[in-house]
Amino acid sequence: MNTISAVRVPTEIQAPTADRTNTAGKASGFMSTLEGAMQDIERLQSSAQDKVTALLDGSGQDVHSAMIAVEQADLSFQLMMQVRNKIVNAYQEVSRMQF
């Protein structure tokens with residue numbers, strides 16, 4: 001019979017370092033996250049467009065994968081718009097504060 005071993009903390013989990021702070025010449029963590037998300041959305045839209053083009057050309061692309069790619073691109077765009085709306089609302093809230 002096997003004995004239960006002690007619970008160990010995975011080595012991948014590390015404490016946050018000072019790299020996430022905003023330093024001169026480096027984008028902040030939030031900004032780099034937004035840029036990464038925008039690039040992912042752009043990549044998904046490009047992929048969807050390529051799959052639809054391949055479907056219309058008749059080059060062997062099936063309808064299901066093209067539709068899934070279009071839906072992924074649409075959902076990611078909608079998510080980006082919701083995040084943008086939240087950021088704009090937060091900015092407006094802060095700008096209305098009286099100091």
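Treat the numbers as computed from the prediction; the structure is a model and nothing was measured.
- Taking CD from Gln45 and CD from Gln49, the interatomic distance works out to 9.0 Å, rounded to the nearest 0.5 Å.
- Rounding to the nearest 0.5 angstrom, the gap separating the CD atom in Gln72 from the CG atom in Leu44 is 6.0 Å.
- Between Ala48 and Ala73, the closest heavy-atom pair is CB-CB, 4.1 Å.
- For the atom pair CE of Met97 and CD of Gln92, the computed distance is 13.0 Å after rounding to the nearest 0.5 Å.
- For Ser65 and Asp62, the side-chain atoms include at least one donor-acceptor pair closer than 3.5 Å.
- Of all the heavy atoms in Ile87 and Phe30, the pair that sits closest is CD1-CZ, 4.0 Å.
- Checked by atom type and distance alone, the side chain of Ser46 never pairs as donor or acceptor with a backbone atom of Glu42 at under 3.5 Å.
- To the nearest 0.5 angstrom, Ser47 atom OG is 11.5 Å from Ile68 atom CD1.
- Residue Lys51 comes nearest to Ala69 through the heavy atom pair CD-CB, 3.7 Å, listed as atom of the first residue, atom of the second, then distance.
- To the nearest 0.5 Å, atom CD of residue Glu71 and atom CE of residue Met67 are 5.5 Å apart.
- Met81 and Leu34 fall into different hydrophobic clusters, defined by Ile, Leu, Val, Met, Phe, Trp and Tyr side-chain heavy atoms under 4.5 Å apart, directly or through other members.
- The closest side-chain donor-acceptor pair between Gln78 and Asp74 falls under 3.5 angstrom.
- Rounded to the nearest 0.5 angstrom, Asp50 CG and Ser59 OG are separated by 10.0 Å.
- Inter-residue side-chain proximity for Asp40 and Arg43 is flagged as met; some heavy-atom pair is nearer than 4.5 Å.
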